[in-house]
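Comments concern the structure below.
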There are 2 protein chains.
Amino acid sequence: MQERIAQIKQYIQEKGEVKLTELEALLPGVSSMTLRRDLQKLEEMGVAVRTKGGAKSISHLSRIKEELYATRTLENMAEKTAIAKKALGCIEEDRSIFLDSGTTVMCLAQFLDSQKLFITTSSPNIALECIKNPNATVNAIGGSLSRENLSFSGITALNFLDNINIDIAFMAASGFSMKNGFTGGDFNECEIKKRVIEKASKVIVLMDSSKLGKNLPFTFAKPGDIDTLISDDRFPKDIIRQLGRGGKRTVL
Amino acid sequence: MQERIAQIKQYIQEKGEVKLTELEALLPGVSSMTLRRDLQKLEEMGVAVRTKGGAKSISHLSRIKEELYATRTLENMAEKTAIAKKALGCIEEDRSIFLDSGTTVMCLAQFLDSQKLFITTSSPNIALECIKNPNATVNAIGGSLSRENLSFSGITALNFLDNINIDIAFMAASGFSMKNGFTGGDFNECEIKKRVIEKASKVIVLMDSSKLGKNLPFTFAKPGDIDTLISDDRFPKDIIRQLGRGGKRTVL
DNA sequence: ACCCCTGATGTTAAATTATAACACAATCAT
DNA sequence: ATGATTGTGTTATAATTTAACATCAGGGGT
């Protein structure tokens, strides 16, 4: 029973919400009344809210609230989760890592449950997520908060970066093409990204394949500036080959 | 209609949740179908989640989640809301204000819906709350994020403060006594508070009466350092008199 | 071993709530 | 003026939740 509830919990956390009919299909031997009671328990535990016909993850709701400015949260959720899980494999303990702002990176942050890490981030959301990890030391760069992408930027943020060292930077990109490289829509944010990439020993870009072929006004990195690109399996093979020629590792 | 939805929104924000029957009683001339549709809009706006029989405020849910480690949220909620509303009266538009971290200040932040303001804060939570106000420019001081009080502190945070000007600082205190003044439990956080108070033209402390008589290790302000104290009506009259002799204004 | 208790689960009927479809009035730009 | 749009109310229908009861398995205590 404990186990079934844990399973439901995980399902909700990953999908954001669940319908009762879904759960019935997922757990055939269990009556709907029991599933209802399980959701009730999850509600009492503060994990989810029950809605008509199911339940929603409270963590997700907070993120939706915070990221309403663009309906990016639930979009490509499965891909983002998959990418985040792969990125997890690149992290060693006791390192200094930088987490860029963005939903994919947020997914990664959620998986950093108990690793001993020094985390610096440009996102207040991600900072709050990381602070739940009792073994992490969390820093945020501060500065002006952009309504658009909920990230900090500006001069003071740049100065902050001068005072820290970064082993691995996990970066997000809004667009990518071989010609223009990794691009973003906000000048100040891209200045931050550039500085982070300069300072980091290793740069990993997390990007789902939907960003491919899109060009945004500001380039923050050329393909040659990064070490690894992590994406989903819809990522075209020929681009992987092109990147590979430059010694880049691409993980799908 | 816009007005009715705003009213419902405020009601939800204050109470955390509503039942449809409550709304029907509250707004007699309106059909339940319309109220349902209003809740639906609030859900689309990211303000609330609809539950069976009503809706819950997403902000409340997030706070429950984020502050599970310390059950401070719902404690003295009524007092905190009352204090925040009084503080609202001290704010003029087009000013630079500082918002300290803390649940009472968070309540205030939630009321800053559309005022044109320059907001600087030491709390990632409050920054995220304030960014919802389309007319606010939001800055956060950045630095090391404390797990204890979810606030930024450290050298870089102090440096940040040197570069900004503050008209009014809204500060929170964990303890107060006439002898030791306003106190807090974290050294770094109190250093930040001290610097803010130095820089601010006007200092307003928001503190519910439960903090009275408590002394925490670090004093960040003596009674003489602040301009106004806002508290609830359980605040003892003789202390108000003592503060009044120093020219302090106390609002209950 | 026995019995009674407890807690988890399943089953059903009743109550509650949500939805969909339609109708109507007010507003607004062409 | 008119057609479109939007907000609203009304109803019937559908869906979901609740409550109450029945069942079953395990867990002490005598």
Side-chain angles (χ1 to χ4, degrees), chain A residues 1-62 64-65 68-71 73-74 77, chain B residues 1-62 64-65 74 113-114 132 134:
Chain A
M1 171 240 176
Q2 206 64 353
E3 195 181 323
R4 187 189 56 239
I5 292 185
Q7 193 182 345
I8 295 173
K9 179 179 167 186
Q10 193 185 341
Y11 188 87
I12 297 183
Q13 304 273 41
E14 285 194 17
K15 296 214 23 164
E17 59 183 298
V18 71
K19 291 242 171 300
L20 204 70
T21 50
E22 261 175 277
L23 284 179
E24 285 166 12
L26 196 70
L27 301 152
V30 189
S31 81
S32 62
M33 192 67 230
T34 299
L35 295 173
R36 238 176 257 288
R37 285 191 267 241
D38 288 347
L39 291 182
Q40 200 174 345
K41 281 179 197 118
L42 288 174
E43 181 163 54
E44 282 160 14
M45 290 159 68
V47 173
V49 259
R50 282 184 303 157
T51 60
K52 179 184 163 71
K56 298 192 179 192
S57 150
I58 289 189
S59 316
H60 265 253
L61 288 175
S62 331
I64 285 168
K65 178 197 72 173
L68 240 189
Y69 54 95
T71 343
T73 319
L74 296 169
M77 199 56 202
Chain B
M1 173 239 177
Q2 205 65 351
E3 196 181 323
R4 186 189 57 239
I5 291 185
Q7 193 181 346
I8 295 172
K9 178 180 167 187
Q10 192 182 344
Y11 188 88
I12 298 183
Q13 304 273 41
E14 284 190 23
K15 297 214 21 166
E17 57 183 298
V18 252
K19 292 242 170 302
L20 205 68
T21 50
E22 262 175 274
L23 285 179
E24 285 166 11
L26 195 72
L27 300 151
V30 189
S31 81
S32 62
M33 192 66 230
T34 299
L35 295 173
R36 237 177 258 288
R37 287 191 266 241
D38 287 348
L39 292 182
Q40 198 173 347
K41 279 180 198 119
L42 288 173
E43 181 165 54
E44 281 160 15
M45 289 159 67
V47 173
V49 254
R50 282 185 304 157
T51 60
K52 177 181 163 72
K56 297 191 180 194
S57 150
I58 288 188
S59 313
H60 265 251
L61 291 174
S62 331
I64 287 168
K65 180 200 68 172
L74 299 169
D113 278 312
S114 54
K132 291 192 222 158

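Letters go in sequence order (proteins before strands), and every chain restarts at 1. Predicted model only: the values in this text are computed from it and were never measured.
Whole-Å rounding puts the A:L39 CG to C:dT9 P distance at 13 Å. For A:L20 and D:dT18, the CG to C1' distance is 13 Å, given to the nearest whole Å. The NZ-P distance, from A:K19 to D:dA15, rounds to 13 Å in whole Å. Residue B:L23 contributes atom CG, which lies 14 Å from atom P of D:dT8 at whole-angstrom precision.
Looking at B:L23 and B:L39, their side chains come closer than 4.5 Å, going by heavy atoms from C-beta outward. No side-chain heavy atom of B:K52 sits under 4.5 Å from any side-chain heavy atom of A:T51. Between A:D38 and A:R4, some side-chain heavy-atom pair lies under the 4.5 Å cut-off.
Formation of a donor-acceptor pair under 3.5 Å by the A:E22 side chain with backbone atoms of A:K19 is found in this model.
Residue A:K9 qualifies as open at atom NZ: its count of foreign heavy atoms under 6.0 Å is 12 or below.
The phosphate of D:dT18 (OP1 or OP2) has a side-chain N or O of A:R50 nearer than 4.0 angstrom.
Residue-level contact check: A:T51 touches the backbone only, with heavy atoms under 4.0 Å from sugar-phosphate atoms and none from bases.
Comparing B:K52 and B:R37 by the nucleotide of DNA chain C that holds the closest heavy atom to each, the one mapping nearer the 5' end is B:K52. Checking A:D38 against B:Q40, the closest nucleotide of DNA chain C that is more toward the 5' end is the one next to A:D38.
Of the residues in residues 27-35 of chain B, those with a non-hydrogen atom less than 4.0 angstrom from any atom of DNA chain D are B:G29, B:V30, B:S31, B:M33, B:T34.
Ion pairing between a basic and an acidic side chain is recognised when a charged N comes within 4.0 Å of a carboxylate O; B:K56 and A:E43 show such pairing.
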